[in-house]
Number of protein chains: 2
Amino acid sequence: VSERASGYELYYWTGIPGRGEFVRLAFEDAGVPYVDVARLPEEEGGGDDAVVRAMAGELGGLRPLGPPILKVGRQVIAQTANILAYLGPRLQLCPDEEAGRHAALQHELTVLDLVVEAHDAQHPLGPTLYYEDQKPEARRRAAVFVKQRMPMFLTYFESLLDGRRWLLGRSLSYADLSLFQALEGLAYAFPKSFAKRRIPRLRKLRDAVAARPRIRAYLASERRLPFNEHGLFRHYPELDR
Amino acid sequence: VSERASGYELYYWTGIPGRGEFVRLAFEDAGVPYVDVARLPEEEGGGDDAVVRAMAGELGGLRPLGPPILKVGRQVIAQTANILAYLGPRLQLCPDEEAGRHAALQHELTVLDLVVEAHDAQHPLGPTLYYEDQKPEARRRAAVFVKQRMPMFLTYFESLLDGRRWLLGRSLSYADLSLFQALEGLAYAFPKSFAKRRIPRLRKLRDAVAARPRIRAYLASERRLPFNEHGLFRHYPELDR
């Protein structure tokens with residue numbers, strides 16, 4: 001397969017955008033081919049079993065605790081922010097020099113902190129219980145999330161964009177793509193609360209990412225998985241005041 | 001001040017080990033001087049206000065959302081894992097080559113995932129409410145944590161140490177120091193549940209870190225802050241079955 005020859009293999013669950021999407025957006029914006037292994041037909045090694053096998057250590061290298069997992073030649077890399085720190089300079093999605101690389105990683109980790117809190121707002125009793133088993137608790141935590149935590153994060157990112165088009169200034173980085181995905185997720189999960197926020201610079205960034213030619217083509221393609229009620233961001237109207 | 005001349009200034013809250021401790025352990029093991037700015041006398045710019053000022057952007061550079069914050073010359077770096085990724089090669093606490101650096105960062109991020117879950121087990125309704133306002137919820141989530149999540153993480157790290165002294169093999173990295181701190185925290189917060197785990201390699205790693213001459217001296221010093229009920233790891237006996 002020609003994409004396999006390019007050397008980038010992504011392992012992530014088939015049914016949700018989840019954390020895999022932050023990695024996909026980087027490849028898609030860069031226009032660099034990658035194999036989304038689990039989404040191959042099963043006879044070509046696809047299916048969620050491919051992820052399970054990767055988690056069992058069958059790719060060699062460091063055994064990862066969970067996906068997303070990136071295989072590049074013999075190297076196996078896990079943890080979303082770590083994968084993006086590795087890909088950033090290669091895909092020209094962050095500066096080559098050290099200070100810029102750490103600035104991008106800092107922003108990425110803060111975006112992912114927001115993502116974790118958005119998820120936890122709907123699953124306060126932990127990732128092993130279903131939403132249905134923690135509805136009253138989710139109602140309490142989501143109220144705090146939309147009233148205090150989401151605004152805190154959004155106000156922070158909005159302030160960083162004062163006078164800048166992208167988080168690092170003039171050039172887009174993978175952290176902008178991840179911030180875009182976080183904003184998309186919040187707009188999906190908490191549409192009413194999100195619509196109320198006064199965040200003109202963030203809305204501009206979100207539109208600017210969506211309008212990039214390769215991203216626009218990707219979002220319209222079947223490769224882009226829709227949000228749903230099994231993923232990181234879920235729409236439970238009762239949690240959105 | 002001579003430590004200021006060395007160039008490393010750490011900004012973190014004065015009253016808890018918290019996330020700042022992961023950075024302190026790296027400096028202490030390396031024997032590299034650093035200024036723990038908030039713990040200086042107030043007349044020398046210390047106190048928690050120093051952290052508040054850093055969060056307000058007064059250090060210049062990227063304004064961080066929260067501590068720990070490291071200032072090195074004119075560079076300001078935030079996010080625990082990002083700070084350690086920056087310091088790792090400088091303090092000889094991870095390999096210089098790229099694959100090794102990403103392996104260390106991957107482990108660090110997984111250790112910090114465990115730390116977040118340990119904290120959230122005691123604060124399921126989020127970081128803005130006191131423990132006293134979420135005791136029944138904490139009881140439910142902590143039960144899942146000690147029964148499923150903590151064992152999952154510990155079993156994972158235990159398996160990585162099969163045949164290796166440290167996470168990356170023969171040489172200690174900052175991820176081992178962070179894993180040590182996470183184990184110390186779990187032993188403090190959930191002593192009964194932690195004592196039950198069969199994790200001989202992890203206990204050996206914990207003892208080996210504590211026995212390193214500079215770490216041993218540090219742990220016995222006043223620089224080492226004890227765990228307490230304001231930090232990441234808290235001891236609530238009712239949550240430890």
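The chains referred to below are lettered A, B, ... by the order of the sequence lines, with proteins before strands, and numbering in each begins at 1.
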Margin query: Is the positively charged end of A:R24 above the ring of A:F22, judged by distance under 6.0 angstrom from the centroid and angle within 45° of the axis?
Written below: no

Notebook entry, point to check: Hey, does the Lys NZ or Arg CZ of B:R203 hover above the aromatic six-ring of B:F194, less than 6.0 Å from the centre and inside 45° of the axis?
Noted result: yes

Please look at [X] and chain A and tell me whether the side chain, the backbone, both or neither of the residue comes under 4.5 angstrom of a heavy atom of that chain.
{"X": "B:R63", "value": "both"}
{"X": "B:S159", "value": "side chain"}
{"X": "B:P64", "value": "both"}
{"X": "B:Q106", "value": "both"}

Item checked: Contacting region of A:E117 [heavy-atom separation from chain B under 4.5 Å] -> side chain

Next item on the list: Could you tell me which portion of A:L160 (side chain, backbone, both or neither) has an atom closer than 4.5 angstrom to a non-hydrogen atom of chain B?
Entry: side chain

Checklist line | side chain to side chain contact (heavy atoms under 4.5 Å, CB included) partner of A:Y174, the single match among A:L179, A:L105, A:L87, A:L167 | finding: A:L105

Checklist line | Selection from B:E108, B:R101, B:Q148, B:H123 maximising heavy-atom pairs under 4.5 Å formed with chain A | finding: B:Q148

Margin query: I'd like to know which of B:V144, B:L129, B:T128 tops the heavy-atom pair count under 4.5 Å against chain A.
Written below: B:T128

Counting heavy-atom pairs under 4.5 Å with chain B, which one of [options] comes out on top?
{"options": "A:A142, A:A138, A:P127", "result": "A:P127"}
{"options": "A:A121, A:A99, A:G66", "result": "A:A99"}
{"options": "A:A78, A:G126, A:A81", "result": "A:A78"}

Next item on the list: Scan B:Y188, B:Y130, B:Y131 and name whichever one has a ring pair (Phe, Tyr, Trp, His ring centres under 6.0 Å) with B:Y236.
Entry: B:Y131

Item checked: Ring centre gap for A:Y34 and A:F27 strictly below 6.0 Å -> yes

Next item on the list: Would you indicate whether B:Q75, at its atom CD, is surrounded by more than 12 heavy atoms from other residues, nucleotides or ligands within a distance under 6.0 Å?
Entry: yes

